[in-house]
Amino acid sequence: MSSLRDDFPLITANPDVAYLDSAATSQKPRSVLDAVHTYLTTGNANAARGTYPWANRTTARIEQARDRVRRFLGDPDPARSGVHFVSGTTEGLRTIARDWLAPRLRAGDEIIVPFADHAANIEPWQEAAALAGDVRIVPMPYDAAHDYDYRRLAELVTERTRLIAATHVHHVYGNDMNIHRMRTAVGPDIPICLDAAQSAGHVPVDVEALDVDFAVFSGHKTMALPGIGAIWARNRRGPVLVPGGWAGSPNTSGIISLVAALDWLEAAGQERIAAWNKALGVRLTDGLRQMSSYEVLGCQSSLAPGSPVQRREGIVTFRHHAIGSNDLGFILAGDGLMVRADGHCQGDQGEKTSSVRVSVHIYNTPDEIDRLLSVLSALDR
Ligand code: PMP
């Protein structure tokens, strides 16, 4: 068992529950809860407004938090980037679309949009195109394994392409979308905006290695409180989104929680977390493959036993051939197995029928996966 599990009060207080919905939101380690409690009970104040110590300390911590986010994302040069706090990935992507992209769009421009990804990474780009008028939305090409098709993407790029919207880890199939191949495919000049909602806190996110221009993630999926998220914006291709980053009173306790969460993740070891989650995902997919009633969605080649290509980052989604996914969700909940059953907010090119998604994190255990497999196996016929 992962000893890090002991850091999660809600998990350890409920040994009969297997929380398997971390792609929806993660549980919070004690250090995050303590950081928020300490802040609110020893120095709560608004930021950038006061002349007294609590306010000044809060302001300083928020400025330091921007650097904390930069380090978390592998940005080696703080002078070249901006970090802007938002409520989460949805607001972050929408802010980039509305405040950065839309004013730069001209008639005849193009945006490449991933229509099999999360709606939060589709609708803001459509809105930006509508705001600007006469802008063409070009669907991102996918291959049969639900990866981006980089050969076809290279062909789609033109001198009018103003942005490519991409996702780091897919929220339904769990596959890493090979973003390290995107820059080479599309050339040096096109801004790439990365939805890191499912990768941040699960696998290392390195904006330098991936050579993206924007990265956005949600605190509540990275062990921080709900209502806080971050936009990282590189200024290589123009000014950063909001240079000073002040937009009204900030979510101070959310930002405090985010710093504590990123500290916890880094101390735990992001490679260790990634390996743990991947191993649990493999255990589940291998188990499901033994049962004829279940169809696992996504790249099948990564499911072959012993395959070196295990690119599911702790998210496994499946259907039972006869039992509806919502019914299956209720059955599993009756056994304390908390999974997600629905259509998962996928765009038009996504799955048309609902499915059950299991998503793990460092506090889950092989025993929990085996418990799940044993309930699923009783329904296999
Ligand atoms: N993108 C992806 C890939 C997601 O999985 C989610 C959340 N399910 C979002 C964006 C939206 O995140 P939030 O609800 O935190 O804004």
Side-chain angles (χ1 to χ4, degrees), residues 19-28 69 73 84-98 113-127 140 142 146-148 163-179 182 192-203 205 210 212 214-232 251 254-255 257-258 261-262 277 281 297-298 311-317 329 338-351 354-361:
Y19 181 74
L20 297 166
D21 196 17
S22 289
T25 200
S26 72
Q27 297 303 338
K28 322 301 176 198
V69 169
L73 297 175
H84 183 55
F85 293 111
V86 285
S87 65
T89 306
T90 303
E91 195 199 349
L93 294 171
R94 183 160 279 137
T95 302
I96 296 166
R98 189 193 51 217
V113 176
F115 283 97
D117 295 5
H118 197 283
N121 200 16
I122 298 172
E123 288 165 16
W125 312 116
Q126 294 174 311
E127 286 164 17
M140 173 79 84
Y142 296 84
H146 302 283
D147 288 323
Y148 297 146
L163 183 117
I164 300 175
T167 304
H168 196 184
V169 168
H170 198 280
H171 70 294
V172 176
Y173 310 119
N175 49 326
D176 182 320
M177 302 300 280
N178 288 322
I179 300 302
M182 186 171 278
I192 297 173
C193 177
L194 188 70
D195 174 348
Q198 294 298 348
S199 55
H202 292 79
V203 295
V205 182
L210 299 177
V212 295
F214 295 96
V216 185
F217 68 95
S218 299
H220 72 98
K221 295 185 201 281
T222 55
M223 308 206 167
L225 294 187
I228 188 68
I231 298 173
W232 172 89
N251 177 355
I255 295 170
S257 80
L258 186 61
L262 302 187
N277 292 345
L297 309 187
R311 292 176 36 241
R312 281 175 198 276
E313 306 295 349
I315 297 177
V316 179
T317 302
M338 296 184 176
V339 302
R340 171 77 171 263
D342 77 0
H344 314 297
C345 313
Q346 225 178 338
D348 285 355
Q349 285 180 35
E351 303 295 331
S354 68
S355 47
V356 169
R357 180 181 70 185
V358 172
S359 54
V360 298
H361 219 315

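Atoms within each ligand, like the ligands themselves, are counted from 1 in listed order. Along the sequence shown, residues are numbered consecutively beginning with 1. Excluded from the calculations below are hydrogen atoms, water molecules and symmetry mates; all remaining heavy atoms, backbone and side chain alike, are included.
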With a 4.0 Å cut-off on heavy atoms, does His220 reach ligand 1?
->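 Contact present.
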Under 4.0 angstrom from ligand 1, any heavy atom of Lys221?
->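 The answer is yes: ligand 1 sits under 4.0 Å from a heavy atom of Lys221.
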Can you pull out the closest protein heavy atom to [atom]? Residue, atom name and distance to 0.1 Å, please.
atom: atom 10 (C) of ligand 1; value: Asp195 OD2, 3.4 Å
atom: atom 16 (O) of ligand 1; value: Thr90 OG1, 2.6 Å
atom: atom 4 (C) of ligand 1; value: His118 CD2, 3.4 Å

How would you list, by chain and number, every residue that makes a ring-ring contact (aromatic ring centres under 6.0 Å, His included) with Phe115, sequence neighbours excluded?
->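 None.
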Excluding sequence neighbours, so at least two apart, what forms side chain to side chain donor-acceptor pair (under 3.5 Å) with Ser87?
->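 Ser87 satisfies side chain to side chain donor-acceptor pair (under 3.5 Å) with Glu91 only.
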Would you check if the distance from the ring center of His170 to the ring center of His146 is below 6.0 Å?
->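 Distance test on ring centres: not under 6.0 Å, no.
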If the plane angle is over 60° it's perpendicular, under 30° parallel, otherwise tilted; pick one for His171 and His344.
->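 Taking His344 first and then His171, their aromatic rings stand perpendicular (interplane angle over 60°).
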Show the numbers, then the answer: is there a side-chain contact (heavy atoms from CB on, under 4.5 Å) between Thr317 and Val358?
-> CA-CA 6 Å; Thr317 302; Val358 172; over 6 Å; no
Interfacing atoms of ligand 1 (cut-off 4.0 Å, heavy-atom, Gln198) |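 Counting from 1, the qualifying ligand atoms are 3 (C), 4 (C), 5 (O).
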Residue His171 vicinity, atoms of ligand 1 by number, heavy atom under 4.0 Å =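 Listed by number with element: 3 (C), 5 (O).
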Compute the shortest N/O to N/O distance between Thr167 and ligand 1 and return yes if it is under 3.5 Å, no if not.
->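 No: no nitrogen or oxygen of Thr167 is under 3.5 Å from one in ligand 1.
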Short side-chain to backbone donor-acceptor contact, Asp195 and His168, under 3.5 Å =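 Absent.
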